[in-house]
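In what follows, every chain begins at residue 1, and chains take the letters A, B, ... in the order their sequences are listed.
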Protein chains: 2
Amino acid sequence: MNGRASSASPKTLQIIEAALTILRDEGERGLSMRGVAGRVGVSLSNVQYYFRGKDALIRAVVDHYVAQCSRELADATARTTERPLADRRRTLLRDTLRHGHEMTDMCRIFRELWSVAGRDASVEAALDAYYRQTAETLAAALLAPDAPDALKERVVLLVLPYVEGYSVTGRALAQGPDAAVDLLLSLLEDLAPA
Amino acid sequence: MNGRASSASPKTLQIIEAALTILRDEGERGLSMRGVAGRVGVSLSNVQYYFRGKDALIRAVVDHYVAQCSRELADATARTTERPLADRRRTLLRDTLRHGHEMTDMCRIFRELWSVAGRDASVEAALDAYYRQTAETLAAALLAPDAPDALKERVVLLVLPYVEGYSVTGRALAQGPDAAVDLLLSLLEDLAPA
DNA sequence: ACTCGACCTGGTCATATGACCTAGTCGGTG
DNA sequence: CACCGACTAGGTCATATGACCAGGTCGAGT
């Protein structure tokens with residue numbers, strides 16, 4: 001990040017949120033510093049004051065958004081820790097795959113981030129870090145606390161790619177998200193009985 | 001497609017291939033009609049003669065590329081039909097997931113296509129059609145010819161999202177593609193013994 | 001010979017974008 | 001009070017992009 005963009009400052013956040021909205025709706029193709037400035041209601045120079053250019057802005061957007069998603073997943077799974085493991089699994093997978101079946105904001109934005117990541121190693125690294133964090137959160141939510149590491153890795157090896165891939169292929173499949181939930185649950189039951 | 005762009009004409013193919021290369025390396029952000037013209041070695045007006053604008057060109061690129069990928073998958077699976085089912089499964093999954101683990105051209109291009117599809121319903125529909133076709137090819141390659149439809153759907157429900165998701169998450173996982181291959185093979189063996 | 005359509009080019013022009021500069025305001029500090 | 005840094009804006013200018021137009025060549029058909 002440009003030194004003037006403190007991630008906690010209100011203006012910086014405004015700019016990042018505006019950029020995120022444009023990225024979601026118009027892709028990277030439609031994202032310009034001037035456009036972001038217009039959306040925030042400040043001058044181009046003011047945006048350039050905080051972010052040296054489009055690439056710096058995109059990088060800040062990536063960091064901001066993956067942090068937000070990590071937090072949301074952690075919060076969602078924290079709310080179910082009191083429930084039985086089978087319940088937690090079902091809720092998590094159902095919420096996740098149903099979201100994946102719709103063209104949600106998150107789906108759209110991740111598609112844009114994947115695209116950028118395919119061309120920018122630092123963004124790819126940021127997404128990899130996000131997925132590693134997500135893997136840990138998933139393992140904690142889907143398995144008992146004392147599950148061995150090998151089992152955690154195996155479960156995550158199944159679930160994480162599946163969930164991301166479902167968001168781009170799910171609508172083309174003959175069966176809907178509930179069937180995918182059932183399938184994953186039964187596979188998890190085989191791998192790691194609840 | 002613009003009426004002047006016959007998918008079989010050499011100039012049209014040249015333009016599409018040039019656009020695909022730029023899309024792969026620079027994303028949609030870097031794709032311009034002038035840039036494509038320069039890459040082909042013709043004037044902007046000549047490209048505009050065949051494609052009314054960038055959106056028409058992108059749509060042609062999508063159709064061309066998914067047709068190519070469908071063909072390649074069908075050819076690859078056709079080459080293994082004489083082998084035992086377990087062999088075929090292993091070969092297909094290994095080739096696919098190892099590719100997914102690298103940032104191959106195909107990975108890059110599909111990321112760009114997903115991104116565009118998130119914003120353009122006709123591209124999303126074209127990708128859905130591609131995935132439906134791919135699902136059929138996968139089912140034929142992974143199962144015996146007389147497998148019931150319900151089983152085909154179930155296998156595809158597992159494998160297709162998995163393979164696509166692996167291409168964006170695989171590098172962040174603790175285990176590599178061979179472990180993913182083994183996992184999928186064992187899950188397939190449970191679902192549909194070879 | 002003439003006409004027509006396919007194909008190709010160069011040019012004009014409006015618009016958008018970002019790099020960069022200058023200048024002003026405001027609050028805090030010495 | 002003067003200075004400085006944080007912040008904000010407006011302006012200039014170079015560059016890129018695409019819409020669109022006019023005109024030329026060539027081959028086929030009448």
Side-chain angles (χ1 to χ4, degrees), chain A residues 1-62 64 112 115-116 119-120 122-123, chain B residues 1-62 64 112 115-116 119-120 122-123:
Chain A
M1 262 200 270
N2 185 341
R4 292 184 183 131
S6 149
S7 60
S9 87
K11 180 60 60 70
T12 301
L13 276 183
Q14 270 186 292
I15 294 171
I16 287 173
E17 292 288 348
L20 205 37
T21 299
I22 294 173
L23 190 67
R24 179 197 72 201
D25 295 337
E26 300 176 44
E28 197 196 354
R29 166 190 178 179
L31 180 64
S32 69
M33 302 287 275
R34 265 188 213 268
V36 170
R39 192 170 182 96
V40 175
V42 298
S43 68
L44 168 64
S45 302
N46 199 212
V47 172
Q48 289 170 329
Y49 178 80
Y50 290 94
F51 297 97
R52 186 170 47 242
K54 188 169 170 176
D55 291 333
L57 176 57
I58 287 176
R59 184 56 206 278
V61 165
V62 171
H64 172 83
E112 301 298 335
S115 157
V116 174
R119 289 173 270 119
D120 180 332
S122 77
V123 174
Chain B
M1 262 199 273
N2 185 342
R4 293 184 183 129
S6 149
S7 60
S9 86
K11 181 59 60 68
T12 301
L13 277 183
Q14 270 187 291
I15 294 171
I16 287 173
E17 291 288 349
L20 206 36
T21 300
I22 295 174
L23 189 67
R24 181 196 71 200
D25 295 337
E26 302 176 42
E28 198 195 353
R29 166 188 177 179
L31 180 64
S32 68
M33 301 285 276
R34 264 189 214 268
V36 170
R39 192 169 183 95
V40 176
V42 297
S43 69
L44 168 63
S45 304
N46 198 213
V47 173
Q48 289 170 330
Y49 177 82
Y50 290 95
F51 297 97
R52 187 170 48 243
K54 186 168 170 177
D55 291 333
L57 177 57
I58 287 176
R59 185 56 208 278
V61 165
V62 172
H64 172 83
E112 301 297 335
S115 157
V116 174
R119 288 174 269 119
D120 181 331
S122 77
V123 174

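Counting only heavy atoms from C-beta on, B:Met33 has its side chain closest to D:dG18 among D:dC7, D:dG18, C:dG18. With distances taken from any side-chain atom of A:Val42 to the nucleotides C:dT9, D:dA9, D:dG18, the minimum falls on D:dA9. Listed nucleotides D:dA19, D:dT8, C:dC21 differ in distance to A:Tyr49; the shortest reach to its side chain belongs to D:dT8. Listed nucleotides: C:dG18, D:dC21, D:dT8. Nearest to the side chain of B:Ser45: D:dC21.
Residues A:Glu28 and A:Val116 approach most closely at OE1-CG2, 3.7 Å, considering heavy atoms. Nearest heavy-atom pair across A:Ala19 and A:Val61 is CB-CG2, 3.7 Å.
Taking 4.0 angstrom as the limit, A:Tyr50 places none of its side-chain polar atoms (N or O) nearer than this to OP1 or OP2 of D:dA6. Using a 4.0 Å cut-off, no side-chain N or O of B:Asn46 falls inside it from OP1 or OP2 of C:dC7. Taking 4.0 angstrom as the limit, A:Lys11 places a side-chain polar atom (N or O) nearer than this to OP1 or OP2 of D:dT8.
Among the heavy atoms of the strands lying under 4.0 Å from B:Ser43 is at least one base atom, whether or not backbone atoms are also near.
Toward the 5' end of DNA chain D, the nearer of the two residues A:Arg34 and A:Gly41, judged by each one's closest nucleotide, is A:Gly41.
Across the protein-nucleic acid pair, B:Gln48 atom CD and C:dC8 atom P stand 14 Å apart, rounded to whole Å.
When side chains are defined from C-beta on, B:Leu57 counts as touching B:Val36, because their heavy atoms get closer than 4.5 Å.
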